[in-house]
Undergrad: 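I'd like to ask some things about the structure below.
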Amino acid sequence: MGNGPAEYVSFSGFQGRIGFISAVSHKFCDSCNRIRLTAEGYLKLCLQYESGIDLRKLLRSGATDEEVKEAMRQAIWKKPACHNFSDERRDEEVGQKKEHRGMYGIGG
Ligand code: SF4
């Protein structure tokens with residue numbers, strides 16, 4: 001139901017449904033195929049980490065469509081396997097820098 005990772009519930013006697021995204025307690029990273037393009041042209045690979053590629057810089061340097069595609073392909077191979085919201089010590093182990101911007105700044 002729906003297009004996102006939410007789990008929906010409805011209650012008898014009430015209209016509509018409520019969606020819960022329990023990203024910390026019920027990780028769904030193993031099925032995540034999402035990447036995000038920020039308003040600044042940065043292709044983010046995961047909400048928790050800074051990892052990604054500056055597509056704006058690449059485009060403004062005159063890269064061809066094929067070069068942009070290849071850069072995206074290479075970046076996506078580095079998509080983190082999952083978040084570690086509940087154990088930040090793991091960030092160093094997986095070699096990723098934690099994202100410090102809020103969701104409103106990312107578009108997540
Ligand atoms: S934390 Fe990263 S890998 Fe996990 S669901 Fe969110 S974007 Fe996908």
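Ligands are counted one by one from 1 in listed order, and the atoms in each one are counted from 1 as well. All heavy atoms count here, side chains included; hydrogens, waters and symmetry mates do not.
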Undergrad: So which protein N/O/S atoms does atom 2 (Fe) of ligand 1 have within less than 2.8 Å?
TA: Cys46 SG
Undergrad: Suppose we measure from atom 5 (S) of ligand 1 to each protein heavy atom; which comes out shortest, and what is that distance?
TA: Phe28 CE1, 3.6 Å
Undergrad: Considering residues at least two apart in sequence or located in another chain, which fulfil the side-chain contact (heavy atoms from CB on, under 4.5 Å) criterion with Glu66?
TA: Thr64, Lys69, Arg73
Undergrad: Tell me the closest heavy-atom pair linking Leu58 and Glu67, and the distance in Å.
TA: CD2-O, 4.4 Å
Undergrad: Against Ser51, only a single residue in Lys78, Gln96, Glu99 fulfils side-chain contact (heavy atoms from CB on, under 4.5 Å); can you say which?
TA: Gln96
Undergrad: I'd like to check Glu70 versus Met72 (side-chain heavy atoms, cut-off strictly below 4.5 Å). Are they in contact?
TA: no
Undergrad: Keeping to residues at least two apart or across chains, list the salt bridge (charged side-chain N to carboxylate O under 4.0 Å, His left out) pairs with something in residues 50-62.
TA: none
Undergrad: Report, one line per pair, each donor and acceptor closer than 3.5 Å where one atom sits in a side chain of residues 18-33; sequence neighbours left out.
TA:
unit_1	atom_1	unit_2	atom_2	d
Lys27	NZ	His83	O	2.8
Ser31	OG	Phe28	O	3.1

